[in-house]
Amino acid sequence: MPLLTRRNLLKASAVAGAYGVGIGIAGKFGLAEAAPEPQVLKALKTQATLTDAGVTKNIMTWGNVGGAVGMPPVLRMTKGKPYAARLTNTLDEPTTIHWHGLRIPNKMDGVPFMTQPYVYTGDSFDYAFTPPDAGTFWYHPHCNTLAQMGQGMTGVIVVEDAADPTFDSEVVLNLRDWRLGGDGQFIAAFRPRDAAKAGTYGTVRTANWHQEPQYDAPAGGLVRLRIAVTDVTRIFSMKMEGAEATVIAIDGNPVPKRFPLDLLQIGPGQRLDLAVRMPDSEGAIATIEDIRGTTPKTIARLRSVGASLKRNIGDLAAMAENPVAKPDVSSAQKISVVLSATAESAPVDSICGTLGYSFWAINKVPWPGDTSDPTAPLSELKLGKSYILQLENVTPHTHPIHLHGMSFTVLSSSTREVMPLVTDTYLVQPDEKVQLAFVADNLGDWLLHCHIIEHQKTGMTSYVRVV
Ligand code: C2O
Ligand code: CU
């Protein structure tokens with residue numbers, strides 16, 4: 001890809017129109033407090049040891065200045081407290097940061113052409129916002145995403161709340177694969193025939209950039225296991241062996257009613273918070289597994305250490321609900337969203353990367369997003385009004401559909417019983433119809449797309465406009 005200049009951007013942004021439609025919301029989310037010193041996130045290339053084959057080159061990550069360069073740092077924020085980050089780009093291509101699941105002002109959302117200019121090589125961009133919700137979230141670029149995310153740029157965000165229940169320990173797991181050859185180097189990011197199906201899987205699975213890592217936790221203690229699926233393709237079927245695990249939050253939001261983890265599908269973009277009651281005996285192992293496919297795969301292990309704390313899962317206090325507005329279902333306007341395959345011609349080239357194919361569509365429009373080639377919004381929404389997305393999946397594949405900027409409540413599904421989860425990503429099964437309700441309470445243009453990145457970048461992307 002040629003190095004891009006600011007001059008080109010200016011030309012391109014004239015097409016996209018003015019940025020920062022969402023400025024008016026800043027006051028609402030409390031930018032009034034003095035902004036803290038920004039956390040410097042330097043986008044850079046590095047190398048890391050992911051396999052026995054030795055060092056993998058051309059990894060992309062963010063370096064936390066002063067810290068060692070490796071996996072993107074787990075960013076710690078506090079609910080209701082201002083946070084600031086300065087992205088500095090030392091990659092040889094443009095990038096941005098999107099804060100997945102955080103309901104923040106539109107101009108901070110990190111979507112090139114739609115909410116901000118690209119951040120060019122050598123340039124910086126200051127993000128500043130106040131996370132309104134506590135929970136487990138994550139961050140990633142929204143430019144040339146199959147390459148940038150595929151090569152490492154996916155990090156976890158923990159938003160703490162002083163009122164969170166107390167655990168004996170916390171383990172954060174960033175789950176992702178890598179497409180590496182036998183020599184440990186990157187191979188082609190995707191195969192078109194797979195992009196037209198479930199997506200192209202990685203060849204090496206990792207948790208926190210390690211294969212099957214093991215963490216120590218107090219015997220008989222309660223561990224908060226925060227899991228983020230940041231992979232570009234893989235859907236997990238989570239199961240816990242050797243310990244009792246209770247689902248306490250999904251996609252950052254406390255579940256309406258806690259339940260034991262039996263088997264739960266978690267797709268790209270989604271998060272799962274578990275309360276794990278460690279075994280009593282020193283040295284005992286609890287294993288989190290993915291049992292999608294034939295043989296169970298170990299994701300990570302927790303090992304009991306010390307004398308048992310003899311804690312009880314029932315001791316755990318409830319978590320406060322996040323302040324997500326409750327939609328008024330009776331007055332809500334319905335928006336039909338049909339997820340389908342398409343055979344349109346290839347999309348035009350874009351500086352944030354095109355895969356050169358068009359396989360998918362939303363309401364028959366295939367659009368890759370992150371491009372100067374605009375499309376009309378799926379729908380124009382009135383600030384403060386309630387809406388129901390009526391999602392219909394007419395494909396034989398599962399799609400994790402993600403809405404930026406606002407969280408929705410799952411109302412009903414045509415194929416299964418659903419909990420009224422509050423979330424930003426819903427895993428739509430083949431032939432499923434689902435109703436997702438939300439209040440359009442955040443101004444601006446907000447993407448709605450599949451989080452299997454090959455699907456997103458080959459057409460399964462759209463957006464809503466809140467005015
Ligand atoms: Cu994780 Cu467009 O988002
Ligand atoms: Cu998809």
Side-chain angles (χ1 to χ4, degrees), residues 72 95-104 106 108-116 136-146 148-150 153-157 174-176 190 194-201 228-235 251-252 265-271 337-342 352-353 355 357-362 366-371 378 391-407 423-432 434 444-464:
T95 190
T96 63
I97 300 179
H98 169 60
W99 315 88
H100 183 122
L102 298 189
R103 299 183 300 123
I104 56 180
N106 195 250
M108 294 291 124
D109 198 44
V111 181
F113 286 105
M114 194 165 266
T115 74
Q116 71 161 94
T136 307
F137 301 91
W138 67 296
Y139 64 109
H140 60 78
H142 228 289
C143 182
N144 198 16
T145 42
L146 192 61
Q148 293 184 13
M149 293 168 65
M153 299 179 90
T154 64
V156 181
I157 297 172
N174 179 350
L175 304 190
R176 54 163 303 141
F190 76 107
D194 289 336
K197 294 189 220 147
T200 312
Y201 290 98
V229 175
T230 75
D231 191 56
V232 293
T233 313
R234 188 176 300 281
I235 298 166
D251 299 334
Q265 271 197 24
I266 300 288
Q270 295 198 276
R271 291 85 65 206
V337 182
V338 180
L339 310 172
S340 66
T342 174
C352 263
L355 302 189
Y357 296 88
S358 177
F359 294 128
W360 305 97
I362 293 183
W367 188 60
D370 308 335
T371 167
L378 183 74
L391 241 58
E392 182 177 1
N393 181 3
V394 300
T395 80
H397 299 283
T398 304
H399 303 284
I401 299 297
H402 170 49
L403 176 64
H404 286 212
M406 290 165 287
S407 296
T423 169
D424 53 73
T425 308
Y426 184 85
L427 198 54
V428 197
Q429 307 291 328
D431 300 316
E432 183 181 10
V434 64
D445 287 349
W446 300 106
L447 284 184
L448 177 76
H449 64 84
C450 181
H451 226 290
I452 290 175
I453 304 301
E454 289 156 79
H455 292 180
Q456 173 194 2
K457 297 300 288 177
T458 61
M460 202 175 276
T461 305
S462 190
Y463 67 101
V464 294

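First listed ligand is number 1; within each ligand, the first listed atom is number 1.
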Closest contact, heavy atoms only, Pro268 versus Ile452: CG-CG1, 4.2 Å
Atom of His140 closest to atom 1 (Cu) of ligand 1, considering N, O or S atoms: NE2
N, O or S of His397 under 2.8 Å from the Cu ion (ligand 2): no
In His399, the N, O or S atom nearest to the Cu ion (ligand 2) is which? ND1
For the Cu ion (ligand 2), find the closest N/O/S atom on His455 and give its atom name. ND1
Are there any protein N/O/S atoms under 2.8 Å from atom 2 (Cu) of ligand 1, and if so, which? His142 NE2, His404 NE2, His449 NE2
Roughly how far apart are Thr230 OG1 and His451 NE2, rounded to 0.5 Å? 9.5 Å
What's the spacing between Thr136 OG1 and Ile157 CD1 if we round to 0.5 Å? 10.5 Å
Given the options His397, Glu392, His399, Thr395 meets side-chain hydrogen bond (donor to acceptor under 3.5 Å, both in side chains) only with His399
Take Trp138 and His402 through the test ring-ring contact (aromatic ring centres under 6.0 Å, His included) and record every step on the way to the result. CA-CA 13 Å; Trp138 67 296; His402 170 49; 8.3 Å; no
Evaluate the side-chain proximity of Thr461 to Ile362: yes if any heavy-atom separation is below 4.5 Å, no if none is. no
Would you say Asp109 and Thr115 are linked by a side-chain donor-acceptor pair, where the criterion is simply a distance under 3.5 Å? no
I'd like to know if the side chain of Arg176 reaches the main chain of Met149, judged simply by a donor and an acceptor atom lying under 3.5 Å from each other, with no hydrogens or angles considered. yes
